[in-house]
Asks: 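What follows is a single structure, and I will ask about it in a moment.
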Amino acid sequence: MAAINRIGWNKYAQALGMPFMAIALGLFVGAIAIWTVGGSVIDTYAEMWKGAFGSFYFTTTTLTRATPIILAALGVSLAFRAGFFNLGAEGQMILGALAAALAAIYVPGNGLIKILAAAIAGMLAGGLWSLLAGWLDTRFKLNLLITTLLLNYIAMYAAGYMVAFPLKEKGGTGGAQTEMLDSAAWLPKLFAGMTLHAGFLVAVFAALLLAWFLAYTAKGYEIRMLGSNPLFAAFGGVKRGPLMLTSMMISGALAGLAGTFEVLGTQYRYIDNMITSPGYAWSAIMATLLAGSNPIGSALAAILLAALQTGAMGVERNTEVPLEISSVIQSSLILFVSARVTFSFLKRRKARGADGNAA
Amino acid sequence: GNANNNAGNAGNAGNAAEGANGAANSGEAKKRVVLVTPEKIGVNQFFTQMVEGLDKAAAEFNLETKVIESADPTQVEQNLRAAVAEKYDLIITAAFSAADALKKVATENPDQPFAIIDTVVDAPNVRSIEFREHEAAYLLGAAAGLSTKTGTVGAVVAMDVPLLGKYTSGFDQGLKSVKPDAKFLVNFVGSFTDPAKAKELALLQQSQGADFVAGMSAVGDSGVFEAAKEKGFYTAGQDTDRTGEDPEHVVLSQLKETDTVTYETAKDFAAGNFTYGSISYGLKENGVGITFVTAESSSPLSPFVGQENVDKLKKIRDDIVSGAVTVKNPLAP
Amino acid sequence: METLLDWSLLSATLWKVAPLLLAALAGAMCARVGIFNVALEGMMLTGAFTAILGNYWFDNVLLGVVFACLCVGALSLLFGYLVIGLQANAIVVGTAINFLATGLTAFSLFAIFGVKGQFRDSAMSGLPKWNIPLVQDIPVVGELLSGHTPLVYLAFLLVVALQFFLFRTVMGFRLLAVGENPVAAKSLGLPVRRYQYGAIVFSGILCGLAGAQLSLGQVTLFTENMTAGRGFIALVATMLGQSNPIGVMGASLLFGFLDTLSTRLQSFSVPTHFTMMFPYAMTIIVMLFFKDKSYLRQSGRLDSK
Amino acid sequence: MLLQMEGITKRYGGLTANDSVNFSLREGEVHALVGENGAGKSTLMRMLYGEEQPTEGKIRILGEPRAFTAPSDAIKAGIGMVHQHFMLFPSFTVAENIVIGREPKSGGKFDRKAAAEHVRALSEKYGMPVDPSAKVADCPVGVQQRIEILKVLNQGAKLIILDEPTGALTPLEVDWLLRAIRRLAAQGISFILISHKLHEVLGTADRITVLRDGKVTGTVNAADTDAAELSRMMVGRELAPFERKAANAGEAVLAVDRVTVRGPKGGKPLLDNVSFTVRAGEIVGIAGVSGNGQSELLQAVSGLRAVDEGRVALAGADVTNKDAAQFRQAGLAHIPEDRYLWGAAKEESVADNGLMGHVGSLSRRGILRKTEIRDTVSQWVKSFNVKTASLDTKAKHLSGGNMQKLIVAREMAHGTPFVIAAEPTRGVDIGAMETIHDALLKRREERGAILLVSSELTEILKLSDRILVLYEGKIAGELSAEEATEEKISMLMAGGGRD
Ligand SMILES: Nc1ncnc2c1ncn2[C@@H]1O[C@H](COP(=O)(O)OP(=O)(O)OP(=O)(O)O)[C@@H](O)[C@H]1O
Ligand SMILES: Nc1ncnc2c1ncn2[C@@H]1O[C@H](COP(=O)(O)OP(=O)(O)OP(=O)(O)O)[C@@H](O)[C@H]1O
Ligand SMILES: [Mg+2]
Ligand SMILES: [Mg+2]
């Protein structure tokens, strides 16, 4: 019993339970949107569910889409936990993906070597880009929120330039993209004919590892305290500078790894906008915030967001509800999950009951 | 206003066709054709025209059709696979961003016919349709060179990506072929959906002496048109004939017949003479062109261009078709 | 002709900065009551759409602008309710609202006008351009200051008005107090939530104006996603200007100027990607020269509540 | 009767913070409220101020039942509250902080000049000098306290609640404040005064109410009682008589050699050529009016601030300008001056707050030993009688006094040769004070070197073997335990040094 409480399963149960009713409310609002366009509410939601988890294939598709979101969300969680509001996941993913593609293309050797080289390059690129923002903060006191946002644009244009010109595939269709990787460097698929690749396992492992790291290691403890009260941490002998740089570095490296797996696991090359147009980074930030920066929670929230997105494709394929309405449904779900309606509802009712008057 | 594109699923052409023809052909199963776009159709003329072409084919050849929009390119693969699972008879997709996914899915499903528009996928069960936009751009550039009074013309381009090089490079070649000392200004918007910025750039080019500014910025073109109207210079649109919007200032349009191509693809399939391999549409095949020269327009011809120039342009067109003039494709290796 | 700097550069800066400035002021008002508003982009987009819609329905530009303000005001009320009333995380709600706005405007475009992607009606008239009687005749200054839409002037007027409001009036003073220490403000009996709602709704109205200037002032049409990231730049301008109206104006002008400069750089055979990167890189460099005030650093910790 | 609180009960879930409390206040009376940490004093006051609503019971003002749902209601009824943790706007001026809520205005415009004038007049009327145009962030704590009271008076309060107003003040400021309270009471203003310092309470209040575990154990006239009786009512037992053995100091553990810390450009140095040692087995007390360099000294000898000149050696190692981690390695434990700023992470659990600084010994190869950590921390919770629901309770839910005990326990557990004890008993009740004092003395017996900084002269006198007085960044004098008296120290603190 005690051991169970120590791990805090209660907290997880609560973290899961609270959004539950919120989802119901979000579904209700979405239903109104569907109803206004004359769609069948039940069918639409059924298709949404089928699109996300309706068959083994779609479940794996959802998990495939969740993979980069999970990894980036873990990176964001780590930075948030250390008290640094890193909004730069996008840029870090972009540079990670580009570097991984280059490494996989140009590093000689067998598949394993290429994959390892790509992972290292991707993590380094993402990590260093994040580190730059961290360094600008520690060295020049530049606001991290602003710099990480700005660095996203710089990364985006820099990568865009690289694949539009110097690194553009020879011949080809004219898309701004690198050459296709040698198939040896592709991440193995988990199931034949499905999109889910080994990166997902790494992401799950990373989530468990990060949760363990934060709760059970000395460095994780220091990071948490630094984020909670930096003066307290300094007082207790935690060194802010190095710890900040390390956590920013790891945070960026995780985002970089997210980009790497997009290249090695799904696209097999770097394509301009492959990170920005699916909006991975913002999904990751949302997942993190929804879960209060808890790694396991962030991973689950990432899967939820990915499911909403693949579910929307199911609606698109099989109903007359326009694609735009799917995004309305998705956002209303997110809005209500974020509000944790149940929680505040209960709290207020209790307060009212106790006081006999409205707070 | 714009034409009602009736895109997406909102008006399902397949069902409509079924309603009209269902009774007549009740015995025979209809062929089912699906178009999977690699991104939201949204503002993209290229895709809306394909939907139009498909709708037309559906009505004429008694097809059941369906359009599936992908929210972003990473979703194409799942949509293609779903389409295979749904047992559509023909799956059409488009653009280079769908190429990798199609290659994968087509290889895994060798008995399923596919078609892809605007890029080439090398697989035995895929028909690829390409456009030689640079030829049309060449004509447009030549038209600009023949018409300009100031010797300076410009283009407002959506993004600096290789694909759009087909447009700018073709234009430049055409321009220089008729007026070697002409000045060609190029500015990039950085987005496909930013008419305000496009307008700003058009105004900038006008202030730098351009009397003709070609819009190559997708939806941004509307901003270019507004600038032309305000400052009284001349401009041209893309993909469809847009001269009707403001014949006085929008004097030309560079055409890309994605609707025709989609229609032809569906038609071939319905008629049973569908072939695989790569087909290229250029001036010769009338897959691309410019208004007044390769296609009629309901708008009056602007005096800025003039019939004399149109005649010269027709000659240039013939030279390109005959091979007397070759337009270099900047994407060719 | 190919000089890098000329007067039209400044003039272009001025008019295109207006939507940015309005949105950044909106962000500043929210920041002043302690709310980090990432929904500026979505709100501006909604404003751009509803301005066109209002103009189309009522066939009156002014009513179009008012309609936009009302609609975005209502949207911001939703934002406020979730963030203040239900204690949701502002960034999640903001991001979701951006997403909602993209979907809703695109859908409404089709549902109402029956078109996809873009609505444009050449019969529709946009915001008028005001020529200022005497000023317009002064050679350079005239070109610079005259001939803009009323909303451009309003944007700059609002800077002054907000500066006055915040730092000279009682209400502004209390609003600052609410932002500085909500617990203390509450214990003083100030209606903290009312101030927060007020600031958010006002910022919604500002975003409505920003959108209207974009869709009825800069051009006269609506396009899906036509804000093209301006809301995020506005967010940066808010932070860079340390949520001070004058500072925000400075930051917006800086952005506008750098952006205009970057288009000029395109003609100097600098690769386009680099010219487009230029405003962002320059901003970081400029930041090196402005010492970070504590207020700004705190806003970086508005985060994970 | 101005105020009557009748049968007030407040429950938080299963916990009863106040249990049928009766409390009354006459006009012009000073009524003190005392009790152990967590006895329910603040809760009772928060209900009076409308920040919380009673589960049961009635509040009457001038005989009429009133229900306050928000502070604004209470303010309207003439009630003002000065919270223990100040409710000020640090970046605003003194005048702005005082007039907020009832600003002088001309047509919606905030007339700051009139505000300054008004505040000047107000401060003269009540004899509380403040500089209206100064920024609150730059004001010493004593002045901030004044600002809070002036603010409340400006709101027209006839009843002022002071929740531990003297906790952070220097003796002079305390003295001044208590006299101001008496003066205002004579003008007809009523006060409820919460304090853990019985001599203050006895000297200032007319009546005293004692709370224990949420219940009233008695209300007595100040004239009819004494500290011993009060502490019996509070703690339920007699406090042990205090004993301190003579010092037997050994080698120097902390050596501060000509340390200078320069202030902001142009200003006087914050620490000016300060030299002293703290030896094994002795407690050295530092006295001084706040703002004379104590904080800077503490930060300089704990690695939280760099020195401009001079050297600091700890247990034989030169640690000048090393960081906090290196100081700790060299043998420092530190009970910080401001427990919430430096001493704790409010949002984290009791266990995590306890772990700080012990990570090295409570982990193996970088991995935390969870069981040992919990055992260790619950050991401290037991021995220092920290009231907490569990080890997973967030630190912010501990009352200030209990948080302080946890911090003391954590720092004493280091067993380092050198301990800084800064305001070690601020805000704790008398029972806890005894525990903390015992812990410090025990460490002294174990040959630890202790540097004690306290604004409580009684505490300094009680514990120190030697006393150093800081004045304007310099050591104004040194007294041995035998020669030190409150008068002598006060004189040195005021700058009257014997050269
Ligand atoms: N909001 C709350 N929720 C739950 N418990 C509370 C709450 N507020 C107070 N308590 C509990 O009520 C009890 C009384 O707290 P209170 O603050 O009144 O003590 P106090 O006498 O002021 O103590 P101290 O001397 O430390 O200030 C404590 O045990 C506290 O934990
Ligand atoms: N949400 C809560 N849940 C549980 N206990 C709470 C909560 N909020 C406050 N408390 C308790 O209320 C009590 C009073 O809080 P308050 O901030 O008034 O302390 P305080 O009187 O300033 O402390 P001290 O005087 O000891 O420094 C504390 O004991 C704290 O534990
Ligand atoms: Mg208390
Ligand atoms: Mg207390």
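First the proteins, then the strands, lettered A, B, ... as listed; each starts at 1. What you see is a predicted model, and the numbers here were worked out from it, not measured in a lab.
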Asks: List the residues meeting salt bridge (charged side-chain N to carboxylate O under 4.0 Å, His left out) with B:K166, not counting sequence neighbours, and say none if there are none.
Replies: B:E133
Asks: Going by the angle between their ring planes, with limits at 30° and 60°, are A:Y268 and A:W186 parallel, tilted or perpendicular?
Replies: parallel
Asks: Relative to the ring of A:F261, is the ring of A:H197 parallel (under 30°), tilted (30 to 60°) or perpendicular (over 60°)?
Replies: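 A:H197 vs A:F261 ring planes: perpendicular.
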Asks: Starting at CE of A:M286, measure out to OG of A:S283 and round the result to the nearest 0.5 Å.
Replies: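 One gets 5.0 Å once the value is rounded to the nearest 0.5 Å.
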Asks: For A:Y161, is it the side chain, the backbone, both, or neither that has a heavy atom closer than 4.5 Å to a heavy atom of chain B?
Replies: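 Answer is neither: A:Y161 stays 4.5 Å or more from chain B.
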Asks: Can you tell which part of A:T310 gets under 4.5 Å to a heavy atom of chain B, answering side chain, backbone, both or neither?
Replies: both
Asks: Can you tell which part of B:D118 gets under 4.5 Å to a heavy atom of chain A, answering side chain, backbone, both or neither?
Replies: neither
Asks: Taking side chain as everything from C-beta outward and backbone as N, CA, C, O, which of these in A:T266 sits under 4.5 Å from a heavy atom of chain B? Side chain, backbone, both or neither.
Replies: backbone
Asks: Chain A: which of B:T74, B:V120, B:V34 shares the most heavy-atom pairs with it under 4.5 Å?
Replies: B:T74
Asks: With a 4.5 Å cut-off on heavy-atom pairs, point out which of B:K104, B:E39, B:E86 contacts chain A the most.
Replies: B:K104
Asks: Determine whether the side chains of B:Q173 and B:S169 contain a donor N or O and an acceptor N or O closer than 3.5 Å.
Replies: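 A donor-acceptor contact under 3.5 Å links the two side chains.
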Asks: So which part of A:Q309 gets closer than 4.5 Å to some heavy atom of chain B, the side chain, the backbone, both or neither?
Replies: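 When you check distances to chain B, atoms from both the backbone and side chain of A:Q309 fall under 4.5 Å.
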Asks: Any salt bridge between B:K197 and B:E200, counting N to O under 4.0 Å?
Replies: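 No salt bridge links B:K197 with B:E200.
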Asks: Examine whether an atom of A:Q177 lies under 4.5 Å from a heavy atom of chain B, and if so say whether it belongs to the side chain, the backbone or both; otherwise answer neither.
Replies: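 Just the side chain, heavy atoms under 4.5 Å.
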